[in-house]
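These notes are about the structure you will find just below.
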Amino acid sequence: MAGSVNKVILVGNVGKDPEVRNSQDGAKIVNFSLATSETWNDRASGERKERTEWHRIVVFNDNIATVVEKYVRKGSKVYVEGALQTRKWTDQSGQEKYTTEVVIGRFNGNLTLLDSRGEGGGMSEGGGGGGGYQPRERAAPAARTPAPASRGGSGGGGGGPSWDAPRGGGDLDDEIPF
């Protein structure tokens with residue numbers, strides 16, 4: 001069993017359009033900011049208060065990066081699952097700087113689009129080195145609910161089962177062992 005866990009789950013809105021760049025080996029790297037908000041009523045004044053936290057998200061997974069590049073824009077609501085990492089660098093004036101980011105790595109992490117505008121969909125990456133993008137079933141916007149994040153390595157482009165599998169008319173019931 002692992003001695004420690006580094007896992008972050010966030011649901012929020014994208015602050016500005018994602019920035020896409022390529023590493024020296026040609027892999028896509030996508031950066032974007034994600035806002036999460038907390039609201040409460042102040043006990044003393046009864047006034048409604050809100051606090052917004054901004055999180056830096058970095059995507060190193062090529063498949064998830066492609067989905068973010070195509071479908072995520074400023075204001076998009078997304079579910080992000082990643083790990084915290086702190087980087088250190090020296091700026092132009094010679095000062096050491098630090099930043100903490102939520103990282104969706106090459107072989108782990110998850111990003112699910114939660115907006116109902118457009119087609120929506122999810123992207124997850126398990127330990128199997130593949131992951132798959134699977135668009136949600138087309139349905140009326142009122143009937144659509146966010147899909148639970150898929151788990152594990154479904155491998156390749158949608159080779160495994162999906163929480164977004166078509167409802168009704170499928171032959172999934174034929175395989176139930178009980």
Side-chain angles (χ1 to χ4, degrees), residues 1-40 42 49-115 117-118 120-134 146-158 160 163:
M1 182 166 182
S4 62
V5 175
N6 180 354
K7 184 173 186 175
V8 176
I9 296 174
L10 299 170
V11 174
N13 291 43
V14 176
K16 63 180 183 174
D17 288 349
E19 297 173 11
V20 181
R21 56 192 168 89
N22 291 314
S23 66
Q24 292 178 348
D25 65 356
K28 277 188 189 175
I29 300 172
V30 177
N31 295 295
F32 62 94
S33 57
L34 190 71
T36 57
S37 296
E38 175 184 12
T39 57
W40 71 94
D42 184 86
K49 302 267 187 168
E50 180 176 10
R51 179 177 54 221
T52 301
E53 290 286 334
W54 288 95
H55 312 276
R56 293 177 47 90
I57 312 296
V58 183
V59 179
F60 290 107
N61 179 292
D62 279 336
N63 294 329
I64 296 174
T66 299
V67 170
V68 171
E69 181 180 24
K70 287 182 181 178
Y71 300 107
V72 174
R73 297 288 171 258
K74 177 180 178 179
S76 296
K77 185 178 254 332
V78 296
Y79 168 98
V80 171
E81 202 173 292
L84 282 181
Q85 286 185 12
T86 301
R87 282 189 300 123
K88 173 181 155 182
W89 77 95
T90 305
D91 70 6
Q92 294 174 349
S93 65
Q95 276 192 306
E96 288 187 348
K97 301 279 185 168
Y98 294 87
T99 187
T100 301
E101 302 163 323
V102 176
V103 174
I104 300 175
R106 285 182 175 25
F107 302 107
N108 59 10
N110 185 352
L111 181 130
T112 303
L113 306 174
L114 300 177
D115 284 331
R117 62 181 179 203
M123 181 70 205
S124 67
E125 186 69 27
Y133 171 70
Q134 299 176 339
S150 58
R151 300 281 184 242
S154 61
W163 287 105

Taking the side chain as everything from C-beta on, heavy atoms only, tell me whether [X] gets closer than 4.5 Å to [Y].
X	Y	value
Val80	Ile9	no
Thr36	Thr52	no
Lys28	Asn22	yes
Lys97	Thr99	no
Phe60	Ile29	yes
Val20	Val68	no
Lys74	Phe32	no

Exercise: identify the closest heavy-atom pair between [X] and [Y]:
X	Y	result
Asp25	Arg106	OD2-NH2, 4.0 Å
Ser93	Asp91	OG-OD1, 2.9 Å
Trp89	Tyr98	CZ3-C, 3.8 Å

Which distance, rounded to the nearest 0.5 Å, do you find between the [atom1] of [X] and the [atom2] of [Y]?
X	Y	atom1	atom2	answer
Tyr79	Leu34	OH	CG	12.5 Å
Lys77	Leu114	NZ	CG	7.0 Å
Leu113	Lys70	CG	NZ	12.5 Å
Ile57	Asn31	CD1	CG	10.0 Å

Q. Where the side chain of Asp62 meets the backbone of Ala27, is there a donor-acceptor pair that is under 3.5 Å apart?
A. no
Q | With Leu111, the side-chain contact (heavy atoms from CB on, under 4.5 Å) member among Val30, Asn61, Ile104 | A |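 One option only clears the test, and that one is Ile104.
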(Q) Evaluate Val102 against Leu84 for side-chain contact (heavy atoms from CB on, under 4.5 Å), listing each step before the verdict. (A) CA-CA 5 Å; Val102 176; Leu84 282 181; 4.0 Å; yes
